[in-house]
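Contents: one structure, followed by commentary.
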2 protein chains.
Amino acid sequence: MESVNIKQLAKALNLSTSTVSRAFRDNSDISKETKEKILAKAKELNYQPNHYASNLREQKSKTIAVIVPELANNFFSQAIHGIERVARDKGYHILIYATEDDYEKEVSFIRHLHNGRADGIIMSVSGEANDHTYLNELSQKRLPLVFFDRVYEDIVTPRVITNDYDSSFAATQHLIKQGCKQIAYLVINKNLSIGKFRMQGYIDALAKYNIPFDDRLVVDCTNSYKKNETILKRMLLDVRPDGVFTSVERLAFATYYACYDLKISIPEDLLVIGFSSLEIAPLLNPSLTTITQPATEIGIQAANLLFKMLERPEEINPSEKIILNSKLIKRRSTERN
Amino acid sequence: MESVNIKQLAKALNLSTSTVSRAFRDNSDISKETKEKILAKAKELNYQPNHYASNLREQKSKTIAVIVPELANNFFSQAIHGIERVARDKGYHILIYATEDDYEKEVSFIRHLHNGRADGIIMSVSGEANDHTYLNELSQKRLPLVFFDRVYEDIVTPRVITNDYDSSFAATQHLIKQGCKQIAYLVINKNLSIGKFRMQGYIDALAKYNIPFDDRLVVDCTNSYKKNETILKRMLLDVRPDGVFTSVERLAFATYYACYDLKISIPEDLLVIGFSSLEIAPLLNPSLTTITQPATEIGIQAANLLFKMLERPEEINPSEKIILNSKLIKRRSTERN
DNA sequence: TTGTAAGCGTTATCAT
DNA sequence: ATGATAACGCTTACAA
């Protein structure tokens with residue numbers, strides 16, 4: 001890159017670098033004339049202030065890092081979309097990191113972000129391990145962090161989550177009211193906060209309606225399509241549930257596929273409901289009853305929270321928690337004829 | 001951020017900053033002992049070399065920028081996923097920019113990237129304007145650029161695309177062989193290269209089977225759900241096509257919604273085929289026949305191309321073009337009973 | 001093998 | 001209103 005720097009621009013104008021620099025920041029004293037002259041010449045020579053130099057000098061990067069478990073995922077891509085909008089408005093740049101649910105990667109990303117690359121972090125955690133102390137390094141060094149959706153309960157930092165317990169309760173209750181007695185609960189990571197809260201809602205709803213809790217109906221799934229297929233098919237055949245509640249979108253799809261294969265028809269033989277951010281849930285066969293999280297809004301709020309931390313840290317309560325409501329949208333997959 | 005810098009680390013070890021610096025880059029001469037001592041202390045003090053200082057010094061950022069029209073989109077999120085994997089392997093960071101099909105934003109992003117923030121750009125263009133000369137500034141300054149999927153034909157730079165013409169031809173031919181005589185072609189931006197190639201495939205396939213081309217069957221859609229609904233419903237009622245070919249995933253969904261509303265049944269009354277990266281196309285009602293682009297692979301190849309440009313620029317032909325094949329996957333939406 | 005010192009491109013402080 | 005200069009944290013000749 002043979003790009004123009006401030007010195008060359010200054011020389012071309014017979015001015016000092018300080019004057020030129022001032023032209024690019026509004027505050028300082030500078031005559032309108034020279035400022036205009038400078039900006040014109042800058043455009044002509046295609047001058048862009050080098051961000052690395054500025055960042056080094058100013059000790060901030062105008063950049064935030066977003067860490068998510070995966071990118072090719074409706075929920076996260078919508079959330080990132082929300083974050084992007086807010087960040088763009090503020091003139092911030094966004095670095096993206098995907099952990100692929102790998103704890104090592106998560107730690108490594110976080111560690112490396114401590115070098116000034118980003119002014120703050122918005123993260124949905126991988127949840128694959130129990131030692132989150134490395135995160136406390138963040139708070140020591142005051143690199144602001146906001147969690148969204150998937151959080152670590154033992155780390156104190158602002159977060160944006162949804163009313164998972166209530167939604168789960170409502171979802172389970174909905175199945176019960178539709179006549180289900182044997183409701184399977186599909187989960188990927190029971191240890192994750194989200195897994196726990198969602199599961200508790202399920203358990204409590206069963207209890208409320210005096211439906212006995214059955215171990216075999218709580219199904220631990222994985223991130224592998226194939227394994228899930230095996231696990232699910234076995235469960236569907238062995239335990240014969242009349243309802244399935246999936247704590248994660250992907251598992252609802254897996255259930256559909258399994259049912260197609262096994263000629264179990266939804267909703268005649270089995271009712272299905274799931275957490276999902278899928279916009280085309282109405283187009284599924286049958287249309288899928290969902291608990292829909294306001295994914296974009298979650299991203300927006302998380303970003304707003306982070307910027308509040310950056311701009312007015314004193315106003316932020318470290319245990320601030322924004323809770324948004326998911327919506328239960330009833331569709332054919334839970335309709336009793 | 002009160003983080004440790006190289007000076008403090010050096011002082012803590014009674015060494016010079018240069019020695020410490022050397023410990024973090026493999027090439028230089030340094031004794032194993034001191035190196036280990038340094039790395040140990042660095043870990044203890046949680047030292048991370050400041051990237052902005054390094055970047056400034058080395059004149060490179062180990063960062064690439066990815067510019068896409070939208071984030072909450074199957075195709076782009078899969079492509080970004082592919083890019084991410086490659087970049088991560090190379091130790092690069094990724095900046096994300098969404099143009100929302102706004103030409104101004106595209107220009108602004110590109111312009112601002114000329115300040116050293118990124119070493120290269122991977123972009124799928126917005127296609128909203130005809131003046132792309134600003135992009136030539138890139139090649140003057142040698143900020144490497146790779147296009148993927150949506151490209152500007154008049155800019156010479158490496159690109160990764162799919163065999164759009166062939167796929168379109170095949171899709172149209174498929175509909176014809178299924179008995180369609182009145183095939184609508186739904187497009188969002190006819191001027192975009194992708195729009196053109198895909199449309200040409202459609203036109204040529206019609207010609208091959210002596211089906212007259214009908215203006216009214218080429219439907220210009222927008223990015224607005226509502227407007228598309230109106231446009232589509234009117235077309236479906238007025239022109240009464242027996243087949244619909246959508247050049248973009250979203251328009252296939254729009255067609256489904258419109259058909260549901262109008263009680264037009266797919267595939268009995270209307271066959272539908274569309275470009276789409278939707279992984280759950282088999283779950284739609286009816287399952288959707290798709291031309292599926294290898295989205296993740298496109299991202300991977302685009303990233304590989306960019307890194308080749310960065311690492312061995314002399315080996316790269318500026319008009320290099322990688323063409324990947326999409327797959328026509330037949331499903332219920334184009335089945336004649 | 002290690003240390004010294006210059007410089008990457010900016011911006012802030014202090015003069016003028 | 002403008003200019004000179006030091007400093008941000010790091011890397012790399014060059015010197016020792």
Side-chain angles (χ1 to χ4, degrees), chain A residues 1-39 41-42 45-63 112-119 141 143, chain B residues 1-39 41-42 45-63 112-119 141 143:
Chain A
M1 264 198 318
E2 332 124 17
S3 55
V4 189
N5 65 23
I6 201 170
K7 266 191 199 164
Q8 297 167 302
L9 180 56
K11 201 191 294 178
L13 288 157
N14 259 318
L15 287 169
S16 73
T17 59
S18 5
T19 310
V20 173
S21 176
R22 276 190 271 260
F24 287 91
R25 261 152 305 93
D26 312 314
N27 53 341
S28 304
D29 301 310
I30 187 171
S31 80
K32 270 218 161 137
E33 277 186 12
T34 30
K35 179 166 177 175
E36 276 164 20
K37 220 182 297 176
I38 292 171
L39 293 180
K41 196 75 177 177
L45 299 185
N46 222 302
Y47 166 73
Q48 294 284 341
N50 181 305
H51 254 280
Y52 289 111
S54 311
N55 294 164
L56 179 57
R57 180 60 226 233
E58 300 183 49
Q59 299 292 46
K60 59 186 168 58
S61 62
K62 282 256 179 191
T63 302
H112 285 295
L113 283 168
H114 271 87
N115 56 15
R117 224 178 222 286
D119 297 338
K141 295 216 202 162
L143 189 46
Chain B
M1 267 199 313
E2 333 123 16
S3 56
V4 189
N5 64 24
I6 200 170
K7 264 191 199 165
Q8 298 168 301
L9 180 56
K11 203 191 292 177
L13 286 156
N14 259 317
L15 286 170
S16 74
T17 59
S18 24
T19 310
V20 173
S21 175
R22 277 188 270 260
F24 287 91
R25 260 150 304 92
D26 312 314
N27 54 340
S28 303
D29 301 310
I30 186 172
S31 81
K32 270 216 161 139
E33 276 186 14
T34 30
K35 179 166 177 177
E36 276 163 19
K37 221 182 297 177
I38 292 171
L39 293 180
K41 196 75 179 177
L45 299 185
N46 223 302
Y47 167 72
Q48 293 286 340
N50 181 305
H51 254 282
Y52 290 111
S54 315
N55 294 165
L56 179 57
R57 177 63 222 236
E58 298 184 53
Q59 301 291 46
K60 59 188 168 55
S61 62
K62 282 258 181 190
T63 302
H112 285 297
L113 283 168
H114 271 87
N115 56 15
R117 222 178 224 285
D119 296 338
K141 295 218 204 161
L143 188 47

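Everything quoted here is computed from the prediction, not taken from an experiment. Chain letters run A, B, ... following the sequence lines, proteins first, then strands; residues in each count from 1.
- Atom CZ in B:F24 sits about 13 Å away from atom C1' in D:dG9, given to the nearest Å.
- Look at A:N5 and you'll find a side-chain N or O under 4.0 angstrom from OP1 or OP2 of C:dG9.
- In this structure, B:Y47 reaches the D:dC10 phosphate: one of its side-chain N or O atoms is under 4.0 Å from OP1 or OP2.
- Following rounding to the nearest Å, B:K7 (NZ) and D:dA7 (P) show an atom-to-atom distance of 8 Å.
- To the nearest 0.5 Å, the span separating OH on B:Y47 from CG on A:N115 amounts to 9.5 Å.
- One interatomic measurement links the two molecules: CD1 of B:I6 to C1' of D:dC8, which rounds to 13 Å at whole-angstrom precision.
- At distances below 3.5 Å, not a single donor-acceptor pair connects side-chain atoms of B:T17 with backbone N or O atoms of B:K7.
- Listed pair A:Q8 / C:dG9 fails the phosphate criterion, with no side-chain N or O lying under 4.0 Å from OP1 or OP2.
- In terms of the side-chain contact (heavy atoms from CB on, under 4.5 Å) criterion, residue partners of B:K41 (sequence neighbours excluded) are, by chain and number, B:L9, B:A12, B:L13, B:E44, B:L45.
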Can you check each nucleotide of nucleotides 1-7 of chain C against protein heavy atoms at under 4.0 Å and return B for base, S for sugar-phosphate only, - for none, in 5' to 3' order?
-> BBBB-BB
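- Once rounded to the nearest 0.5 Å, the distance linking CZ of A:R25 with NZ of A:K35 reads 10.0 Å.
- With rounding to the nearest 0.5 angstrom, the NZ atom of B:K60 is 11.0 Å from the OH atom of A:Y52.
- Partners of B:K11 under the side-chain contact (heavy atoms from CB on, under 4.5 Å) rule, at least two apart in sequence or in another chain, do not exist in this structure.
- If you measure from atom CD of B:E58 to atom C1' of D:dC10, you get 8 Å, rounded to the nearest angstrom.
- Atom NZ in A:K32 sits roughly 14 Å away from atom P in D:dT2 (whole-Å rounding).
- Taking atom CG of A:N50 as the reference point, atom P of C:dT11 lies 9 Å away to the nearest angstrom.
- Heavy atoms of A:S54 sit under 4.0 angstrom from primed sugar atoms or phosphate atoms, though from no base atom.
- Evaluation of the salt bridge (charged side-chain N to carboxylate O under 4.0 Å, His left out) rule for B:K62 yields no partner, not counting sequence neighbours.
- D:dC8 atom P lies 14 Å from atom CG of B:L56, rounded to whole Å.
- Using a 4.5 Å cut-off on side-chain heavy atoms (C-beta onward), B:T63 and B:N55 make no contact.
- Distance, A:Q59 CD to D:dG9 C1': 8 Å, rounded to whole Å.
- Taking the side-chain contact (heavy atoms from CB on, under 4.5 Å) definition, one finds that A:E36 meets it with A:K32, sequence neighbours left out.
- End-to-end axis angle of the helix from C:dT1-D:dA16 to C:dT16-D:dA1, from C1' rotation axes over five pairs per end: 40° (rounded to 10 degrees).
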